[in-house]
Amino acid sequence: MPKLNLQAELNPPQLQAVTHVNGPLLIIAGAGSGKTRVITYRIAHMLEHGIPQSAILALTFTNKAAREMETRIKELTGRKLQSLTVSTFHAFGVKILREEIERLGYRKNFSIYDETDRNQLLKDSLRERGHSLEGTDLYALGQLFSNVKTSRVRWGQGAELSLQNVYTEYQNSLKVFNAVDFDDLLTLPISIFEQFPDALEKYRTRYRYILIDEFQDTSLIQYRLMRLLADKNICVVGDDDQSIYSWRGANYENIIQFERDFPETVEIKLEQNYRSTTTILEAANGVIANNTKRKEKALWSGNSGGKPIALYYPPTESDEADFIASEIKKMRFNEHRKYDDFGVLIRTNFLTRTIEEAFLAENIPYRVSGGASFFQRKEIKDALSYLRVIANPDDDVNLLRIINTPRRGIGKSSIIQLTSLARKNNSSIWDALNRLRYAQDTLFTETNRADLDEFASLIERYREDMLGKHGLSAKVHALIDEIDYWSYLVSEHSKEEKVARWKFANLNTLVQSIATWERDPDNLDPTLFAYLNRVSLISQNDGDDQQDKGKVNLSTIHAAKGLEYPVVFIAGAEDGIIPHARSLEDGDSDSDLLPVEEERRLFYVAITRARDKLVITSCLHRRRLQSEVDCAPSPFLNEIPGHLIEENPPEETEEDEAQAAATFFAQLRSRFR
């Protein structure tokens, strides 16, 4: 293992944070202050001083962050990290459930339902309890059930009692189908620890050193899980000024609760920013200082000076989009920047359309963060549903998705009979299917029975061939061929063969990705169950870093947290957008400061994504629905010290643009010479 030279690599507060190993530690890490560096050096330092890998648990919020941490620790230590647990909260929950879920009456090969699966089960639960689907907002219903499950609301206190029976049906169905949703990945481990003290003691003994990243983003349920596991060697790293996820349960006051629960806590502040210029940091400090509920800190930078913050007031959103596209092209030419040097940040998704149109018109390559995941495409979900049913035949949602896809003669009447029998026997549809395959007193014809038998035999054969065995990618390829998915795509897109080919190419990409995953030398469990768990836990926002190189990043501010760009545009800095009117309306009436303070934190996060240059646009008029309305600038703009701002940068004339283009091509010619 290479010897660490901590004094040479870390500033004094970072060094203190890395070397304070025993006892509770709270690290307040300001934006760009080297948080990941401190975490990775801290773990490497612990390993260097003889703490076993298996005794360390590091938890964060995205797979991307976990991968980056693990990669950096490997580089620092020169070790394989086969026993070190660096994980997201949800992936850690899966790890516990794989070992302990049978205590709660589940089987070990449970399925994890994603949002699509969950919505289907919500529909089924509504129907079963006699509720109409018409006018039902499944997203809102899912949020309600999530809030109930994680104890954010109670029935009769923020949750309509009329939906309690639907919730009960939903929960019972999950257990019948041997499935869990994402909330269960946190709530069920807590249930195990609270009901079975020996299980809790096992994990407390195993993980003697716990580290939690982005602590300000933890929810109450995540805090409970941490509190159960942690003894005294607990280190949490966070920044209350960057707490922007209250809408999904995050509670920045967990930092205060941590200090109450661990009174011997040592607090260390990391305030030196290594990312941004002094101008950008002074602007960020000026804004966030207006929040009252925060720990006092002031970021500072060795990167003195910096360009003024450009504030532009375009007449309309179309002018705004054209301005952003034009500025990106101009800076790219004049300052020799790459497209992926630019981040365009927005408060809400409805602002993307005009910006995307401007980028397309100017041939600017871009990506939109949070777009549809590869794993949410229909053809991919169909293939994964086959794999999930092979892994867990009692998974009703996925079985119903594929039982007649591609079409095999198992129509609606057959499915109704299957679901009716399953409900009658309180069993899964797979169990009902096997009963009906051999029963003589059903309405099924011989043809129906043959179709059922063909489907069941297919699942049984691949189940025997895949479970616990290697060579998964080749078997998935064979399965796609056997069900003749290509012919199904051609029939579905008979007039669009290009679409069919594109979708089939996606399936080939899936097979290739499984093969790559299988060949990874660090993958010690290349089995079907492990692969399906991996897919279920892939964050929609993780993205493909290689694929997205060379593209402007168009992103919501929430999705940009943790990222940085040399040049950042904040679009739509208008009152009602940031702060967002709906967020202020939805805030806690007993704490009217909190909603605007979270919106201010969001603006602070946006500012601190910029390294060298920040451009803010605020439209004078914006189209809402069918009419154009007057807009007022965001009140947060007044909180930026005036001497840092350069208002209304002059628009280029056609002559200026021609001169810029001539200069660029002259530079190109000289480079090629």
Side-chain angles (χ1 to χ4, degrees), residues 113-121 123-124 127 133-134 138 353 356-357 360 365 367-368 371-390 393 395-419 429-430 433 444-459 461-462 466 472-515 532 535 538 540 544 547:
Y113 279 6
D114 63 13
E115 188 171 355
T116 305
D117 299 330
R118 185 191 67 168
N119 285 346
Q120 183 59 54
L121 189 57
K123 290 179 186 176
D124 294 342
R127 289 193 195 97
L133 292 180
E134 189 174 344
L138 288 177
R353 185 185 59 82
E356 285 192 72
E357 287 174 354
L360 290 169
R367 68 180 289 256
V368 180
S373 163
F374 174 78
F375 293 99
Q376 294 301 316
R377 294 171 183 169
K378 182 186 183 304
E379 62 278 10
I380 302 302
K381 281 195 68 67
D382 285 347
L384 293 175
S385 289
Y386 270 96
L387 298 183
R388 288 190 170 115
V389 171
I390 288 166
D395 181 345
D396 279 15
V397 168
N398 282 295
L399 186 141
L400 289 173
R401 182 184 184 93
I402 61 165
I403 195 168
N404 203 38
T405 303
R407 294 175 186 81
R408 53 173 58 89
I410 305 175
K412 189 175 181 181
S413 60
S414 298
I415 292 172
I416 289 171
Q417 193 170 355
L418 285 170
T419 53
I429 291 174
W430 175 255
L433 186 153
F444 276 23
T445 65
E446 285 300 317
T447 304
N448 290 148
R449 197 172 281 115
D451 292 333
L452 282 177
D453 191 66
E454 181 186 350
F455 173 71
S457 297
L458 175 82
I459 299 300
R461 185 156 37 83
Y462 276 94
M466 284 187 182
L472 181 61
S473 58
K475 292 164 187 172
V476 174
H477 189 276
L479 173 64
I480 292 168
D481 282 347
E482 183 166 346
I483 62 176
D484 198 10
Y485 201 87
W486 166 247
S487 294
Y488 168 70
L489 287 174
V490 170
S491 66
E492 289 288 293
H493 305 279
S494 56
K495 296 181 180 178
E496 301 171 299
E497 188 179 335
K498 283 185 179 179
V499 174
R501 290 188 181 281
W502 180 76
K503 288 179 173 289
F504 199 70
N506 285 337
L507 288 170
N508 287 329
T509 300
L510 175 69
V511 171
Q512 290 162 11
S513 71
I514 296 173
L532 291 175
V535 169
I538 286 176
Q540 188 172 312
D544 182 334
Q547 182 179 319

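Just so we're clear, the structure is a prediction, and the values are computed from it rather than from any experiment.
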**Study point:** Within 6.0 Å of NE2 in H493, more than 12 heavy atoms from elsewhere
**Key:** yes

Point to revise | Minimum side-chain heavy-atom gap L433-I403 below 4.5 Å | key: yes

Exercise for review: Under the salt bridge (charged side-chain N to carboxylate O under 4.0 Å, His left out) rule, what do R461 and E482 come out as? Steps first, then yes or no, please.
Suggested key: CA-CA 12 Å; R461 185 156 37 83; E482 183 166 346; 2.6 Å; yes

Revision key, fill the gap. For residues 497-507, the salt bridge (charged side-chain N to carboxylate O under 4.0 Å, His left out) pairs (sequence neighbours left out) are E379-K503, E497-R501

Point to revise | Salt bridge flag under 4.0 Å for residues R353 and E356 | key: no

Exercise for review: May I have the step-by-step check of side-chain contact (heavy atoms from CB on, under 4.5 Å) for W430 and D395, ending in yes or no?
Suggested key: CA-CA 8 Å; W430 175 255; D395 181 345; over 6 Å; no

Study note, to complete from the structure: All heavy atoms of I410 vs all of S414, minimum pair found to be CG2-CB, 3.9 Å

**Study point:** Worked check of side-chain contact (heavy atoms from CB on, under 4.5 Å) between I483 and R408
**Key:** CA-CA 9 Å; I483 62 176; R408 53 173 58 89; 4.1 Å; yes

Exercise for review: Locate the shortest heavy-atom distance separating L387 from L532; write the atom from each residue and the value.
Suggested key: O-CD1, 3.6 Å

Point to revise | Point-to-point distance, once rounded to the nearest 0.5 Å, from OH of Y485 to CD of E492 | key: 8.0 Å

Exercise for review: Would you check if there is a donor-acceptor pair between the side chains of Q512 and N508 at a distance under 3.5 Å?
Suggested key: no

**Study point:** D382/K378 salt bridge by N-O under 4.0 Å criterion
**Key:** yes

Exercise for review: Apply the side chain to side chain contact (heavy atoms under 4.5 Å, CB included) test between V389 and each candidate in N398, V397, L458, L400; give the one that qualifies.
Suggested key: N398

Review point. Can you find a pair of side-chain heavy atoms, one from I390 and one from L479, that are under 4.5 Å apart?
Key: yes

Exercise for review: Looking only at non-hydrogen atoms, find the nearest pair between D396 and I429 and report the distance.
Suggested key: OD1-N, 3.0 Å

Revision key, fill the gap. dist T509:OG1 -> F504:CZ (nearest 0.5 Å) comes out at 11.0 Å

Review point. Is a side-chain N or O of S491 found less than 3.5 angstrom from the main chain of Y488, in a donor-acceptor match?
Key: yes

Check your understanding: Distance from T405 atom OG1 to R407 atom CZ, nearest 0.5 Å?
Key -> 7.5 Å

Study note, to complete from the structure: Between the CZ atom in R127 and the CG atom in L133, the distance rounded to the nearest 0.5 Å is 4.5 Å

Review point. Tell me, do R401 and D117 make a side-chain contact under 4.5 Å, heavy atoms counted?
Key: no

Check your understanding: Side chains of F455 and I459: does their closest heavy-atom pair fall under 4.5 Å?
Key -> yes

Review point. Does the side chain of Q417 come within less than 4.5 Å of N448's, by heavy atoms?
Key: no

Practice item. I would like to know whether L418 and L452 meet side-chain contact (heavy atoms from CB on, under 4.5 Å); could you show each step before the answer? Key: CA-CA 10 Å; L418 285 170; L452 282 177; 4.1 Å; yes

Revision key, fill the gap. Heavy atoms of L489 and A500 approach each other most closely as CD1-O, 3.7 Å

Check your understanding: Stepwise, does the side-chain contact (heavy atoms from CB on, under 4.5 Å) test hold for Y386 with I480?
Key -> CA-CA 9 Å; Y386 270 96; I480 292 168; over 6 Å; no

Point to revise | Closest approach of P406 to D484 (non-hydrogen atoms, all atoms of both residues) | key: CG-O, 4.3 Å

